[in-house]
Novice: 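Submitted below is the structure of interest, expressed as structure tokens.
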Amino acid sequence: MTRYNAKETEAKWQRIWSEHCVFEVTEDTSKPKYYVLEMFPYPSGRIHMGHVRNYTMGDVVARFKRAQGFNVLHPMGWDSFGLPAENAAFENKVHPAKWTRENVAVMRGQLKSMGLSIDWSRELSTCEPDYYKHQQKMFLDFLDADLAYRGESWVNWDPVENTVLANEQVIDGRGWRSGAEVEKKLLHQWFFRITKYADELLVAIEALDRWPDKVRLMQTNWINRSEGARVLFDIVGRKDRLEVFTTRPDTLFGASFCALSPNHPLSLELAENDPGLAAFLVECAKLGTSESALEKAEKQGYDTRLTVAHPFQDGQELPIYVANFVLMEYGAGAIFGCPAHDARDLEFAHKYGLGVFPVVCPPDADPKTFEIGDEAYVGDGTLINSEFLDGLDVPTGIRRATEKLVTIGAGEGTVNYRLRDWGASRQRYWGCPVPVIHCAACGIVPVPEKDLPVSLPEDVTFDKPGNPLDHHPSWKHVDCPSCGAPAMRETDTLDTFVDSSWYFARFCSLAPDTALDRSAVDYWMPVDQYIGGVEHAVLHLLYARFFTRALRDCGYLGVDEPFAGLFTQGMVCHETYRDENGGWVFPDQVVIGGDGTKTDRESGRSVQAGRSEKMSKSRRNVVDPELILDTYGADAGRLFMMSDSPPERDLEWTEAGIEGAWRYVNRLWRMIASPSAPIAERTAEAPAASDSERESMLRVLHQTVAAVTADLEQFRFNRAVAHVRELTNHLAEYNASGPAHDHARRIAVETVVQLIGPMMPHIAEEFWQMLGHDELLADAPWPTASPAYLVDDTVTIAVQIKGKLRGTIEMPRDADKASVEKTALALDSVQRATNGQTPKRVIVVPNKVVNVVV
RNA sequence: GCGGGCGUGGCGGAAUUGGUAGACGCGCCAGAUUUAGGAUCUGGUGGAGAAAUCCGUGGGGGUUCGAGUCCCUUCGCCCGCACCA
């Protein structure tokens, strides 16, 4: 018997699939379509185990749906703009384009060696002008439609590098590379008007029934719609009014102060003539945008000495503070504080000696004696001390108070969202240029369509801080398309989330002259099954949902939602190893001695195993997929990825696990390449007669087909693998001789091969050929379970005494209760328990269980 | 703080609507085969017990003829969000 050569066989089938363009598809209205998409990778250099897991899942679904008769679109591309390329340029003096394209080439080869059923003719890369030129056109259309605009926002500014930093690049208030103290700076930025769709995006979440609840909840919270009221307070001694947003206008009678955000226009204005306030604002700015800093910060305020008039109580005035806990970006950037019924306000009031006036009395408390201690009361109750609101419940009070505000012209009911417009400007080189020109005379002028794409210059340097586009000698200098005068190109590039907000639609057709070929997009969209990491639960998925709607409204496509089904996979984890000096050690460097002690192959130091954690370079607990592909082949790697762990949970990568998968590959090989009992020819006719052994084999077989089909349908890959292995075990024990059995063996072997095909496509294809098929397994239809075999004619019924198992009985299916009961009571163990007495009660659940109560 | 998830053998994990807990795999034990094996095959494998039996799904309580599954309570771990007015 020849040993199975995975490397050779896998290369062979990859070649054949590619030569025959097996996975290249076109719009075919005679078949139902199915669009499977995994989140496309950032070309960081090499694929990692997370990619292997993600793309294996997608491929299993794609191959399964394909076998079920769907016209399956399964494309792949590269999310190839982004910061790491610029960092590499800075650190290794490689041009981002070169670095990126080389990485793409390596990773494409790695993905191909996984044997994915991808239509490679649709490959795209977002950093190439043939992709981003369409994006620039979209941007111009969005400008026209007022879906993109220029605005201002606060950013993390690194004064040494002259650049904007992402939140994760700010470490303890300092730039990650320069170490300089990061400043908050107000900068002109390009925005997408996602807030225009806030309500639509929120409401539509409900209909995304094939999305994980967790992701739906996260998006709901992110958008965070809250109903409340805008309240306008007259500022004493001034003509203007202070606007605040509140969800609790019913507690206005309990107000004891107002507070402004440090960034509030009024705060800034007052600071000009108040050095104390100016200093306080600087203090607040120092906190930065980092969450941990904000978290530790104690509530602090500064008394502006201004007061506002209470809208409902003549003569009543409230002091205005500037407070570090009020966010400019939320609501109106100002609040009124009701310490009795808000924890933060209470903390603030205690600190600054402000009044605490309860106005909501809990249902079980006495309004005359109810007092607020250290804890604010935020629950429902009856309004008290509130004049015209007294005696109302909270919802009614809110309504009544809002009506009153409207009547006296001091406010109105309003809906507020946490969701803010999407700031998409990046002061960086390696991104899609924003196609506008700044002209002194004409203002912001869109680049004419005929001049697209605005391409990135290749001759840039990364030796200076700041945006290379900005210091390029000539690139930004152009004539104004409108008046012809010298003008400047926009040097901001777009956030890479823009690139990934429409790539799924672009896969439908790579037509060169149009971004989205409407007929192709109408055929394929939406994506039926999208698969990726949960880390994109909010931003990427929300932006893509917004972008799809924006494209819809600009006539690019006709769907609302990009992803009809979403699956978020778990992470790939591995044990961690540290040597006696505390240094991390790579798993493949750890040698396990006979006594179980571990040592580092290179240093010879002894090594301790730590808990299993997400694979990461910093902890060195990584296994290179290429090593696995080389050693065991793609099929074994893919099989292990699908076995054991449910796909939504973390998977623990272990040597033993991959070995087990590899053993199964070889076991199947032995069973099929050199079977211990004959397998009938393909052309052999079904026997006229069967026996019970054969029938029972066929029953297991059909039940397995049904189970695996259901499992794959529901992303229960680990169970699907278990079921196939069970069938394999049955097949291995099935050695009866004779033509009827040989025939059944043929069916069983073919079924095993077909069922395992989505997980292990190469060896399955090889088996299919060995079994005499001329056509490809990839083109073979999925097996169907025959209903006749799905029900057993005898059933095993559990016999319990007071719920405890005492034995089992074999009965014909659907036997009548009386005979089941009689058989059960006749059991020795039951006789012993009943001791000859009549049982108090006997419960018979048909075909399942008999419970005897004594 | 708020929200969500998870706790089942030595390990990863199975278990339709409440109905035989531990499928499948790993590991381990015994045997067979082999020059050898970290290959392969056979059998065994939740714990205690000679057995009958008893105990077992993080802990405690409850509902039920019957609970991993439902309810209450408690502990532990993980994830997400967070001064959201």
Side-chain angles (χ1 to χ4, degrees), chain A residues 3 212-215 217-218 220-222 224-226 228-229 231 244-248 251 258-259 261 291 294-295 297-299 323-327 329-338 341-345 347-348 416-419 534-535 537-538 570-571 592 612 639-640 643-646 648-661 663-664 666-667 670 676 707 710 716 718-729 732-733 796-809 829 832 839-854:
Chain A
R3 210 174 140 74
D213 287 343
K214 176 179 161 169
V215 174
L217 186 73
M218 283 165 78
T220 305
N221 291 341
W222 187 263
N224 193 23
R225 178 184 198 269
S226 55
V231 185
V244 310
F245 174 74
T246 178
T247 55
R248 296 295 302 274
T251 63
C258 280
S261 159
E291 282 167 20
L294 287 170
E295 197 172 353
E298 180 186 358
K299 305 226 175 325
N324 64 348
F325 66 91
V326 181
L327 304 172
E329 296 80 12
Y330 189 77
I335 61 159
F336 80 78
C338 176
H341 304 293
D342 182 285
R344 289 157 306 176
D345 296 348
E347 187 186 337
F348 192 80
N416 190 60
Y417 296 91
R418 189 187 95 110
L419 181 70
V534 74
E535 65 273 19
V538 176
M571 298 180 298
I592 300 166
S612 180
L639 181 70
F640 177 50
S643 314
D644 293 1
S645 298
E648 70 279 6
R649 275 206 233 168
D650 289 352
L651 174 142
E652 192 174 342
W653 183 272
T654 60
E655 189 68 14
I658 181 67
E659 287 279 355
R663 270 204 296 279
Y664 179 71
N666 287 292
R667 178 165 179 234
R670 281 190 305 275
S676 55
R716 297 184 304 208
N718 55 325
R719 291 199 349 184
V721 171
H723 281 126
V724 179
R725 295 186 88 130
E726 240 178 321
L727 177 58
T728 310
N729 292 343
E733 285 165 18
T796 308
I797 294 175
V799 179
Q800 303 175 330
I801 296 187
K802 278 206 84 189
K804 282 186 180 154
L805 186 70
R806 277 297 178 280
T808 57
I809 51 175
S829 50
R832 258 200 307 278
K840 207 152 126 199
R841 203 176 150 191
V842 180
I843 293 116
V844 180
V845 181
N847 300 322
K848 288 229 165 112
V849 75
V850 178
N851 194 7
V852 182
V853 186
V854 289

Novice: For the CZ atom of A:Arg418 and the OG atom of A:Ser226, what is their distance to the nearest 0.5 Å?
Specialist: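 Interatomic distance, A:Arg418 CZ to A:Ser226 OG, rounded to 0.5 Å: 11.0 Å.
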Novice: Could you tell me how far B:G66 sits from B:C81 if I compare only their C1' atoms? Round to whole Å.
Specialist: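 Result for the C1' pair: 42 Å, nearest Å.
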Novice: For B:A82, take OP1 and OP2 only and decide whether either is under 4.0 Å from a side-chain N or O of A:Arg418.
Specialist: yes
Novice: Does the structure show a Watson-Crick or G-U wobble partner for B:C6, both distances under 3.5 Å? Name it, or say none.
Specialist: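 Looking at the geometry, B:C6 pairs with B:G76.
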Novice: Is A:Arg806 near enough to B:C54 that one of its side-chain N or O atoms lies under 4.0 angstrom from OP1 or OP2?
Specialist: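 So the side-chain polar atoms of A:Arg806 do come within 4.0 Å of the phosphate oxygens OP1 or OP2 of B:C54, strictly under.
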Novice: Counting Watson-Crick and G-U wobble pairs only, both distances under 3.5 Å, name the nucleotide matched with B:C84, or none.
Specialist: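 By the stated definition (distances under 3.5 Å), nothing pairs with B:C84.
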Novice: How far does the C1' atom of B:C72 sit from the matching atom of B:U63, given to the nearest Å?
Specialist: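 B:C72 and B:U63 have their C1' atoms separated by 11 Å.
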Novice: Would one find a side-chain N or O of A:Arg667 under 4.0 angstrom from OP1 or OP2 of B:U40?
Specialist: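 Answer is no, no contact under 4.0 Å.
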Novice: Could you work out the separation of B:G22 and B:G10 based on their P atoms and round it to a whole Å?
Specialist: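 Comparing P positions in B:G22 and B:G10 gives a spacing of 16 Å.
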Novice: Do the numbers put A:Lys299 on top of the ring of A:Phe325, so that NZ or CZ is under 6.0 Å from the six-membered ring centre and no more than 45° off the axis?
Specialist: yes
Novice: Please give the distance between the C1' atoms of B:U34 and B:U40 as a whole number of Å.
Specialist: 9 Å
Novice: Could you check B:G12 for me: syn (within 90° of 0) or anti?
Specialist: anti
Novice: Is the phosphate of B:U40 approached by A:Arg3 (side-chain N or O, under 4.0 Å from OP1 or OP2)?
Specialist: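 For B:U40, neither OP1 nor OP2 has a side-chain N or O of A:Arg3 closer than 4.0 Å.
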Novice: On a whole-Å scale, what distance lies between the C1' atoms belonging to B:C55 and B:C71?
Specialist: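 Roughly 25 Å separates the two C1' atoms.
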Novice: So, OP1 or OP2 of B:C84: does either fall under 4.0 Å of a side-chain N or O from A:Arg225?
Specialist: no
Novice: Tell which nucleotide pairs with B:A30, taking only Watson-Crick or G-U wobble pairs whose two distances are both under 3.5 angstrom.
Specialist: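 By the stated definition (distances under 3.5 Å), B:U42 pairs with B:A30.
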Novice: Does B:A67 have a Watson-Crick or wobble mate here (both distances under 3.5 Å), and if so which one?
Specialist: none
Novice: Between A:Asn851 and A:Thr654, name the one whose nearest nucleotide on RNA chain B is closer to the 5' end.
Specialist: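 The answer here is A:Thr654.
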Novice: When you compare B:G9 with B:G47, how far apart are their C1' atoms, in angstrom units rounded to a whole number?
Specialist: 9 Å
Novice: Report the distance from atom CE of A:Met571 to atom CD of A:Glu535, rounding to the nearest 0.5 Å.
Specialist: 9.0 Å
Novice: Give none if B:C24 has no partner; otherwise give the nucleotide forming a Watson-Crick or G-U wobble pair with it, both distances under 3.5 Å.
Specialist: B:G12
Novice: Take the protein atom CD of A:Glu655 and the nucleotide atom C1' of B:G25, then report the distance between them rounded to whole Å.
Specialist: 16 Å
Novice: Map A:Pro646 and A:Ala722 onto RNA chain B by nearest heavy atom, then report which one ends up closer to the 5' terminus.
Specialist: A:Pro646
Novice: For a quick check under 3.5 Å, do A:Tyr664 and A:Thr728 share a side-chain donor-acceptor pair by atom type?
Specialist: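 Present: a donor and an acceptor within the cut-off.
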Novice: Mark yes or no for a side-chain to base donor-acceptor pair under 3.5 Å between A:Lys848 and B:U17, with no hydrogen or angle criteria applied.
Specialist: yes
Novice: If I pick the C1' atom on B:U57 and the same atom on B:A52, what distance separates them, to the nearest angstrom?
Specialist: 26 Å
Novice: In whole Å, what separates the C1' atom of B:U64 from that of B:G3?
Specialist: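 Looking at atom C1' only, B:U64 and B:G3 are 33 Å apart.
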Novice: Does B:A36 have a Watson-Crick or wobble mate here (both distances under 3.5 Å), and if so which one?
Specialist: none
Novice: Looking at A:Asn718, I'd like to know whether one of its side-chain N or O atoms comes within less than 4.0 Å of OP1 or OP2 on B:A14.
Specialist: yes
Novice: Give none if B:U53 has no partner; otherwise give the nucleotide forming a Watson-Crick or G-U wobble pair with it, both distances under 3.5 Å.
Specialist: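 Partner of B:U53: B:A48.
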